[in-house]
Amino acid sequence: MNTNSIKLFVLAAETLNISAAGQQLGLTPSVASAWLSKLETEVGADLFHRTTRKVTLSIEGTEFLPYAKEILAQQEAAFAALGRGNPDVSGTLRFAASSTFAQLYVVPILAEFLERYPKINVELMLSDTQVKLIEGGYDLALRNLAAEDSSLIGRRLASDTRVLCASPEYLAAKGTPQAPEDLIEHQLLVFMKAKSRKLIASNGKRECTFPPTSSKPRVVCDDGASMRIAAKAGVGICMSSIWNIHNDLKDGSLVRVLPDYHVDDQSSVWLVYPKSNVLTAKVRVFIDYLVEKIGNPPVWEH
């Protein structure tokens, strides 16, 4: 079965205009009509009802349409798998990600990606609040949890170790917590709508949560970059990802709090996309590019 004929059928089904559909493929009206007639002979059914005034899909054509689209999608996926570095990959990629992570690690490398794939356009939805991937029509999203929805697929991109931290100035003024119960007496910065995280001592003998169940956060925020700035300014103690604060830990503007405790949630940075039988070329090459540039180990662990 000729996939060009199938592509013509899909275009004609969407426009209900065989001549216009053929024109998009560089075909004359007579050739387009001949291609569709041959396709109808192959499938053994009339796909369209044709009159001098209009063209409509037949019942058989309506039933065949989703399968025709799947055939074209499978073809695109096969070509993508064989030619991941093909600069002719095209389309608009809709990518949703944490604004904090994207500003640090995605946006700075975007120019090289666009140069490598000049026919791909990128539409970024950047928010530290998680968006609905399928409902929003996004091709790909970056999250810190694996795909919990059965309609999504996740690929691990990198580690996401989290620690408690504060500025030296804050700790000098308020004191340094020596045990988890000391956190109750401190000003805490907490991410909005975040669940409590379990903290386990290095020797495994003690565990607690952050924030403590009996504490009341002083500041609640929905933006990781702003939480980092507030912590550096001495607002209080927060939990943050190493990828967000590794430079601050190196230069001493932030220091670890309760360094003998680790967050027991096995959090990672995940690339998540809708579950289907195919992965389009534009999504595949962008995933490969992020893996290449952010890498294993990730740049914040170098």
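The structure displayed is predicted, hence computed values, not measured ones. Just so it is clear, the values below take in all heavy atoms, side chains as well, and ignore hydrogens, waters and symmetry mates.
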- Query: Hey, is Lys174 close enough to Glu169 for a salt bridge, meaning N to O under 4.0 Å?
  - Reply: no
- Minimum-distance pair of heavy atoms, taken over all atoms of Arg156 and Ser268: NE-OG, 3.0 Å
- Considering all heavy atoms of both residues, which atom of Ser90 and which atom of Lys282 are nearest to each other, and what is their separation? O-CB, 4.1 Å
- Task: To the nearest 0.5 angstrom, please state how far the CG atom of Asn121 sits from the OG1 atom of Thr92.
- Result: 4.5 Å
- Hydrophobic cluster membership, Leu290 vs Phe101, 4.5 Å side-chain cutoff: yes
- Query: Judged by atom type as modelled, is there a donor-acceptor pair below 3.5 Å linking the side chain of Thr41 to the main-chain atoms of Ser37?
  - Reply: yes
- Nearest heavy-atom contact between Gly236 and Ala166 is O-CB, 3.7 Å
- Kindly give the heavy-atom pair with the smallest separation between His246 and Trp243, and that separation in Å. CD2-O, 3.5 Å
- Message: Working to the nearest 0.5 angstrom, can you tell me the gap between Ser215 OG and Phe210 CZ?
- Response: 7.5 Å
- Message: Tell me if a side-chain donor or acceptor on Thr62 pairs with a main-chain N or O of Ser58 at a distance below 3.5 Å.
- Response: yes
- Where do Ile245 and Ser240 come nearest, in terms of heavy atoms and distance? CG2-OG, 3.3 Å
- Message: Test of understanding: with salt bridge (Lys or Arg N to Asp or Glu O under 4.0 Å), list the residues that count as partners of Lys293, not counting sequence neighbours.
- Response: Glu112
- Message: Between Tyr261 and Pro180, is there a side-chain heavy-atom distance shorter than 4.5 Å?
- Response: yes
- Item | Heavy-atom side-chain contact between Leu140 and Ile287 under 4.5 Å | yes
- Message: Counting the benzene-type ring for Trp, do Tyr138 and Phe95 have ring centres under 6.0 Å apart?
- Response: no
- What's the verdict on side-chain hydrogen bond (donor to acceptor under 3.5 Å, both in side chains) for Asp128 and Thr100, showing C-alpha distance, side-chain angles and the deciding distance? CA-CA 7 Å; Asp128 282 346; Thr100 305; 2.7 Å; yes
- Taking all atoms of both residues into account, what is the closest heavy-atom pair of Leu25 and Asn4, and its distance? CD1-O, 4.1 Å
- Note on the structure: One should read off an interatomic distance between Ile71 CD1 and Ile6 CD1, to the nearest 0.5 angstrom, of 4.0 Å
- Item | Inter-residue atom distance Leu254.CG - Leu249.CG, 0.5 Å rounding | 6.0 Å
- Going by an N to O cut-off under 4.0 Å, is there a salt bridge joining Glu185 and Arg218? no
- Query: Tell me, do Lys198 and Val263 make a side-chain contact under 4.5 Å, heavy atoms counted?
  - Reply: no
- Leu8 CG to Trp35 CH2 distance, which is reported to the nearest 0.5 Å: 7.0 Å
- What class does the angle between the rings of Tyr117 and Phe113 fall in, given that below 30° is parallel, 30 to 60° is tilted and above 60° is perpendicular? tilted
- Item | Residue pair Phe191 / Met239, side-chain heavy-atom distance below 4.5 Å | no
- Query: With the threshold set at 4.0 Å, does a side-chain nitrogen-carboxylate oxygen contact exist between Arg162 and Asp160?
  - Reply: yes
- Message: Between Asp46 (side chain only) and Phe48 (backbone N and O only), is there a donor and an acceptor less than 3.5 Å apart?
- Response: no
- Item | Audit row: Thr161, Ser159, side-chain hydrogen bond (donor to acceptor under 3.5 Å, both in side chains) steps and yes/no | CA-CA 6 Å; Thr161 304; Ser159 62; 4.6 Å; no
- Item | Atom NZ of Lys250: over 12 foreign heavy atoms under 6.0 Å | yes
- Message: Does Phe64 form a ring-ring contact (aromatic ring centres under 6.0 Å, His included) with Phe9? I'd like the steps, not just the answer.
- Response: CA-CA 10 Å; Phe64 181 62; Phe9 163 71; 5.3 Å; yes
- Task: Could you tell me whether the side chain of Leu65 reaches within less than 4.5 Å of the side chain of Leu47, counting heavy atoms only?
- Result: no
- Message: A side-chain contact here means heavy atoms from C-beta on lying under 4.5 Å apart; do Asn2 and Leu39 qualify?
- Response: no
- Message: Would you say that His49 contacts Leu57 through its side chain, given a criterion of any heavy-atom pair below 4.5 Å between the two side chains?
- Response: no
- So, do Cys238 and Cys165 sit near enough that their side-chain heavy atoms are less than 4.5 Å apart? yes
- Message: Could you measure the distance from the CD atom of Gln103 to the CG atom of Asn244? Nearest 0.5 Å is fine.
- Response: 10.0 Å
- Task: Would you sort out whether Leu110 and Leu124 count as a side-chain contact (heavy atoms from CB on, under 4.5 Å), showing the intermediate values?
- Result: CA-CA 11 Å; Leu110 197 56; Leu124 299 175; 4.1 Å; yes
- Can you establish whether the number of heavy atoms outside Glu292 located under 6.0 Å from its atom CD is more than 12? yes
- Query: Checking salt bridge (charged side-chain N to carboxylate O under 4.0 Å, His left out) for the pair Arg50/Glu40: CA distance, chi angles, key distance, verdict?
  - Reply: CA-CA 13 Å; Arg50 303 168 177 83; Glu40 289 175 323; 3.3 Å; yes
